[in-house]
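Structure, as structure tokens:
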Amino acid sequence: MSQSFDYDLVIIGAGVGGHGAAIHAVSCGLKTAVIETAEMGGTCVNRGCIPSKALLAASGRVRELQDAHHLKALGIQLTDVAFDRQAIADHANSIVTKQREALIGSLKRLGVDTIHGWGRIAGVQKVSVTTKDGEKIITAKDIMLAPGSVPFVPPGIELDGKTVFTSDDAVRLESLPPWIAIVGSGYIGLEFADVYSALGCEITLIEALDQLMPGFDPDIAKLAQRVLITPRDIETKVSVLAKRITPGSPVVIELADAKTKESVEVLEVDACLVATGRVPLTKDLGLDSVGVETVRPGFIPINDYMAVLASGEPVPHLWAIGDATGKLMLAHAAAAQGVAAIENICGRARAVDYHSIPAAAFTHPEIGFVGLTEPAAKEKGKAEGFTVASVRTYFKGNAKALAEGETEGVAKVIYRQDTGEVLGVHIFGLHASDLIQEAANAIAQRQTVQYLAFLVHAHPTLSEVLDEAYKRAVTTH
Ligand SMILES: Cc1cc2nc3c(=O)[nH]c(=O)nc-3n(C[C@H](O)[C@H](O)[C@H](O)COP(=O)(O)OP(=O)(O)OC[C@H]3O[C@@H](n4cnc5c(N)ncnc54)[C@H](O)[C@@H]3O)c2cc1C
Ligand SMILES: NC(=O)c1ccc[n+]([C@@H]2O[C@H](COP(=O)([O-])OP(=O)(O)OC[C@H]3O[C@@H](n4cnc5c(N)ncnc54)[C@H](O)[C@@H]3O)[C@@H](O)[C@H]2O)c1
């Protein structure tokens with residue numbers, strides 16, 4: 001390290017992104033500090049991936065054990081299934097504590113300094129930290145911004161954290177309201193609809209756009225609706241906007257037509273989860289001190305190498321990663337950006353291939369996908385002059401799915417007709433979040449259906465659903 005700096009690298013934000021970057025920085029020999037204003041571990045560990053997946057694991061078991069029809073088909077009888085809400089909440093909380101402690105321990109072991117306080121850029125290669133003991137200035141050869149995101153709450157919606165709340169409170173599972181409205185049918189809406197419906201709540205799912213799960217491939221969204229929504233105690237309302245929500249008993253929700261904005265209905269429910277997206281936490285980060293203007297609603301502009309841009313040009317020694325950059329709001333994307341940024345700091349050019357980053361919704365069954373949806377692939381094909389083809393294979397024809405008695409599901413492979421290159425893979429079905437990884441690896445290597453069709457999958461496994469899809473793509477050519 002040059003003697004003139006306190007650190008080689010200072011990272012603002014100790015979420016998954018900042019943590020991943022710090023670990024890699026140490027392995028590259030950089031003297032590193034992390035500044036964190038709240039709990040170590042950020043959103044994913046404390047109020048995101050970890051507690052929500054713990055709730056989904058427990059509630060998923062409840063759903064499975066209450067499915068007498070499915071159990072009977074396997075020859076099992078169960079008379080009584082009971083659960084304890086507080087014990088399920090405790091399970092989630094204890095996993096959070098364990099993960100957070102493991103993260104803190106890993107930084108300590110590696111010699112990363114942790115500074116508690118609010119960090120902001122205070123000029124080139126300079127950071128100020130507001131701590132409980134006052135303001136500190138730290139110098140660093142490189143600065144990395146990893147401030148993450150917070151729930152977006154549309155105007156007109158009032159939170160009280162008890163009857164009207166976001167996922168920040170929902171992950172603590174402090175109550176099981178008999179009737180809960182969920183505003184937004186994206187990842188959070190869908191995953192919490194899975195938790196609440198398994199635990200006996202009645203749900204009204206409200207979506208402003210004209211279809212549920214608008215971010216997912218339309219075929220997958222359609223099947224997911226048929227399996228995850230229709231047979232469950234979930235009423236849906238699409239093309240309606242939650243215009244005003246007032247906490248209390250009851251919670252009053254004024255719904256408006258999404259196009260005309262005119263009020264159409266008033267709902268009175270026991271509680272409301274607001275799951276209407278997330279926004280970057282980039283206010284008061286000192287970006288203006290180095291001439292950086294954020295991109296609505298506050299994203300930090302970066303280039304392919306995670307360098308922060310001011311007027312389109314990289315600001316020397318300033319990097320940004322994670323949710324705040326608005327690329328993919330996923331934990332593993334943040335960590336991948338962090339590692340790539342460190343490589344660039346060390347002079348080894350590395351970009352992140354967003355196209356091959358998989359995503360999953362951990363519903364029962366799960367949704368996993370990577371690459372383009374069919375409409376997006378067709379649009380790309382039109383612009384670039386190639387034809388898009390797709391094939392589907394179904395879990396009901398898969399030996400392992402039949403053995404499990406879990407045959408609802410589909411795998412869809414989207415590829416270029418001319419070259420066979422795989423453009424997108426979407427899976428709905430048992431263990432889709434794990435199954436999608438082999439497709440992500442294939443897309444990362446820009447592999448073709450012709451190549452993939454000759455790879456050997458173990459029998460009998462769910463992965464044969466993809467094997468069959470690749471083979472079908474080749475034979476339907
Ligand atoms: C309910 C829920 C479930 C999710 N489930 C999944 C999932 O299953 N899989 C998945 O991949 N993703 C999931 N996500 C998304 C995932 O949590 C985020 O993509 C990930 O946490 C982003 O990491 P990050 O490091 O960019 O930011 P964050 O995790 O938000 O961390 C940023 C940290 O920076 C700190 N900070 C901000 N500003 C400052 C400052 N000026 N000074 C000091 N500290 C600061 C914050 O306090 C925070 O701790 C989920 C999110 C939610 C809300
Ligand atoms: N399994 C996972 O990987 C996972 C799980 C949870 C969250 N996340 C991350 O967290 C982010 C936030 O999740 P999210 O579900 O809040 O956002 P989202 O963007 O996935 O979905 C929000 C939905 O709310 C709708 N909406 C917005 N305002 C509305 C209004 N006033 N009335 C009715 N509908 C409205 C939008 O049309 C959209 O469909 C996601 O982008 C995702 O990256 C990931």
Side-chain angles (χ1 to χ4, degrees), residues 11-21 34-53 55-56 115-121 127 129-130 145-157 166-168 170-171 181-192 205-216 237-245 253 255-256 258 273-286 320-325 327-335 337-338 357-363 366-368 433:
I11 302 170
I12 299 183
V16 182
H19 176 245
V34 178
I35 303 171
E36 173 57 58
T37 187
E39 302 104 317
M40 297 293 289
T43 306
C44 180
V45 170
N46 297 290
R47 3 171 229 288
C49 332
I50 300 304
S52 64
K53 264 78 264 182
L55 296 180
L56 280 156
I115 302 160
H116 292 284
W118 182 264
R120 50 177 90 67
I121 307 160
V127 171
V129 195
T130 310
L145 307 174
S149 65
V150 289
F152 164 65
V153 180
I157 297 181
T166 66
S167 56
D168 286 356
V171 291
I182 300 180
V183 184
S185 68
Y187 287 87
I188 295 179
L190 211 53
E191 289 186 348
F192 274 96
L205 189 57
I206 298 160
E207 171 56 53
L209 296 181
D210 58 7
Q211 66 164 72
L212 293 176
M213 302 166 246
F216 296 84
K237 292 181 186 290
V238 292
S239 307
V240 284
L241 208 60
K243 190 174 158 186
R244 198 179 312 279
I245 303 183
I253 304 179
L255 297 176
L273 166 62
V274 180
T276 46
R278 294 179 65 83
V279 284
L281 182 55
T282 51
K283 268 198 196 132
D284 196 19
L285 203 53
I321 60 161
D323 279 10
T325 62
K327 300 293 179 192
L328 282 176
M329 284 190 167
L330 295 171
H332 45 288
Q337 286 180 311
I357 294 183
F362 295 82
T363 44
E366 297 175 338
I367 304 172
S433 68

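Counting starts at 1 for both ligands and their atoms, in listed order. All residue numbers refer to positions in the sequence shown, counting from 1. As the structure is a computational prediction, the values presented were derived from the model and not from experiment.
Contact annotation: the side chain of T282 never approaches that of L145 to less than 4.5 Å [non-hydrogen atoms, C-beta and beyond]. Here the side chains of I253 and I245 are in contact, with some heavy-atom distance below 4.5 Å. At least one side-chain heavy atom of T130 sits under 4.5 Å from a side-chain heavy atom of R120. Within the 4.5 Å cutoff, no side-chain heavy atoms of P280 are placed close to those of P147. Using a 4.5 Å cut-off on side-chain heavy atoms (C-beta onward), P151 and V274 make no contact. Residues E39 and R47 meet the side-chain proximity criterion, which asks for heavy atoms closer than 4.5 Å. F192 has its side chain within reach of V171: a pair of non-hydrogen atoms, C-beta onward, lies under 4.5 Å apart.
Here the side chain of E191 pairs a donor or acceptor atom with the backbone of F362 at under 3.5 angstrom. At distances below 3.5 Å, at least one donor-acceptor pair connects side-chain atoms of H332 with backbone N or O atoms of P358. T276 contributes no side-chain N or O that, together with a main-chain N or O of G184, makes up a donor-acceptor pair within less than 3.5 Å. At distances below 3.5 Å, at least one donor-acceptor pair connects side-chain atoms of S52 with backbone N or O atoms of G48.
Using a 4.0 Å heavy-atom cutoff, A359 is absent from the residues neighbouring ligand 2. At least one heavy atom of K53 lies less than 4.0 angstrom from ligand 2. Within the 4.0 Å heavy-atom shell around ligand 2 one finds V240. Heavy-atom distances between R278 and ligand 1 reach below 4.0 Å in at least one pair. Under the 4.0 angstrom criterion for non-hydrogen atoms, G117 is in contact with ligand 1.
Looking from atom 21 (O) of ligand 2 to the surrounding protein, the closest heavy atom is G186 CA, 3.4 Å. Residue, atom and distance of the protein heavy atom nearest to atom 39 (C) of ligand 1 are W118 CZ3, 3.7 Å. Among all non-hydrogen protein atoms, the one lying nearest atom 34 (N) of ligand 2 is A208 N, 3.1 Å. For atom 40 (C) of ligand 2, the closest heavy atom belonging to the protein is Y187 CD1, 3.8 Å. Taking atom 24 (O) of ligand 2 as the reference point, the nearest protein heavy-atom neighbour is G184 CA, 3.2 Å. The protein heavy-atom contact nearest to atom 45 (C) of ligand 1 is T37 CG2, 3.7 Å. With hydrogens left out, the protein atom closest to atom 36 (C) of ligand 2 is E207 OE2, 3.5 Å, a heavy atom. The protein heavy-atom contact nearest to atom 5 (N) of ligand 1 is K53 NZ, 3.1 Å. Given atom 15 (C) of ligand 1, the protein heavy atom at minimum distance is M329 O, 3.7 Å. For atom 38 (N) of ligand 1, the nearest non-hydrogen atom of the protein is P147 CB, 3.4 Å. The nearest protein atom to atom 42 (N) of ligand 1, hydrogens excluded, is given as G119 N, 2.9 Å; this is a heavy-atom distance. Looking at atom 18 (C) of ligand 1, its nearest protein heavy atom turns out to be D323 OD2, 3.4 Å. Atom 19 (O) of ligand 2 has G277 CA, 4.0 Å as its closest protein atom, hydrogens excluded (heavy atom only). The closest protein non-hydrogen atom to atom 10 (O) of ligand 2 is R278 CD, 3.6 Å. In terms of protein heavy-atom proximity, atom 23 (O) of ligand 1 is closest to A334 CB, 3.8 Å. With hydrogens left out, the protein atom closest to atom 28 (N) of ligand 2 is T276 CG2, 3.3 Å, a heavy atom.
Those atoms of ligand 1 with a heavy atom of G15 less than 4.0 angstrom away are 25 (O), 29 (O), 31 (O), 33 (C). Set against the non-hydrogen atoms of L209, the atoms of ligand 2 under 4.0 Å away are 37 (O). Residue-ligand proximity, P214 to ligand 2, at heavy-atom distances under 4.0 Å covers atoms 39 (O). Listed by number with element, the atoms of ligand 1 under 4.0 angstrom from any heavy atom of G17 are 25 (O). Close approach of ligand 2 to F362 is summarised as follows: ligand atoms under 4.0 Å from at least one heavy atom of the residue are 1 (N). Remark: ligand 1 atoms within the under-4.0 Å shell around heavy atoms of R47 are 1 (C), 53 (C). Proximity to S52 (heavy-atom distance under 4.0 Å) selects the following atoms of ligand 1: 3 (C).
The shortest N/O to N/O separation between F192 and ligand 1 does not fall below 3.5 Å. Annotation: E191 places no N or O atom under 3.5 Å from an N or O atom of ligand 1; distance criterion only. Between H332 and ligand 1, a contact under 3.5 Å exists for at least one N or O pair. Taking distance alone, with nitrogen or oxygen atoms compared against 3.5 Å, A242 approaches ligand 2 more closely than that limit. Where the criterion is an N or O separation shorter than 3.5 Å, residue side chain and backbone included, I188 meets it with respect to ligand 2. In terms of polar-atom proximity, T43 is counted as a contact of ligand 1, with an N or O under 3.5 Å from an N or O of the ligand.
Residue contacts with ligand 1 for S149 involve N, CA, C or O but no side-chain atom from C-beta outward (heavy atoms, distance under 4.0 Å). With a 4.0 Å cut-off on non-hydrogen atoms, D284 does not touch ligand 1 at all. Heavy atoms of Q211 found under 4.0 angstrom from ligand 2: none, in either backbone or side chain. Heavy atoms of E36 found under 4.0 angstrom from ligand 1 belong to the backbone as well as the side chain. By the criterion of a heavy-atom distance under 4.0 Å, neither the backbone nor the side chain of F152 is placed next to ligand 2. Neither the backbone nor the side chain of L328 has any atom closer than 4.0 Å to an atom of ligand 2 (non-hydrogen atoms only). Heavy atoms of F362 found under 4.0 angstrom from ligand 1 belong exclusively to the side chain. Only the side chain of V183 comes within contact range of ligand 2, with a heavy atom under 4.0 Å; no backbone atom does. Neither the backbone nor the side chain of R120 has a heavy atom within less than 4.0 Å of ligand 1. For D168, no heavy-atom contact with ligand 1 is shorter than 4.0 Å. Of the heavy atoms in E191, only side-chain atoms (C-beta onward) come closer than 4.0 Å to ligand 2.
Residue nearest to atom 51 (C) of ligand 1, selected from A361, G48, A333: G48 (by heavy-atom distance). Checking S149, A360, G368, S239 against atom 1 (N) of ligand 2, the nearest heavy atom belongs to A360. Closest heavy-atom approach to atom 17 (O) of ligand 1 among the candidates C44, A38, A331: C44. Residue nearest to atom 9 (N) of ligand 1, selected from A146, G18, G322, C49: C49 (by heavy-atom distance).
The nearest pair of heavy atoms linking C49 to A331 is SG-CB, 3.9 Å. In this structure, A146 and I11 approach most closely via the heavy-atom pair CB-CG2, 4.3 Å.
Residues that satisfy the side chain to side chain donor-acceptor pair (under 3.5 Å) test with T43, not counting sequence neighbours, are R278.
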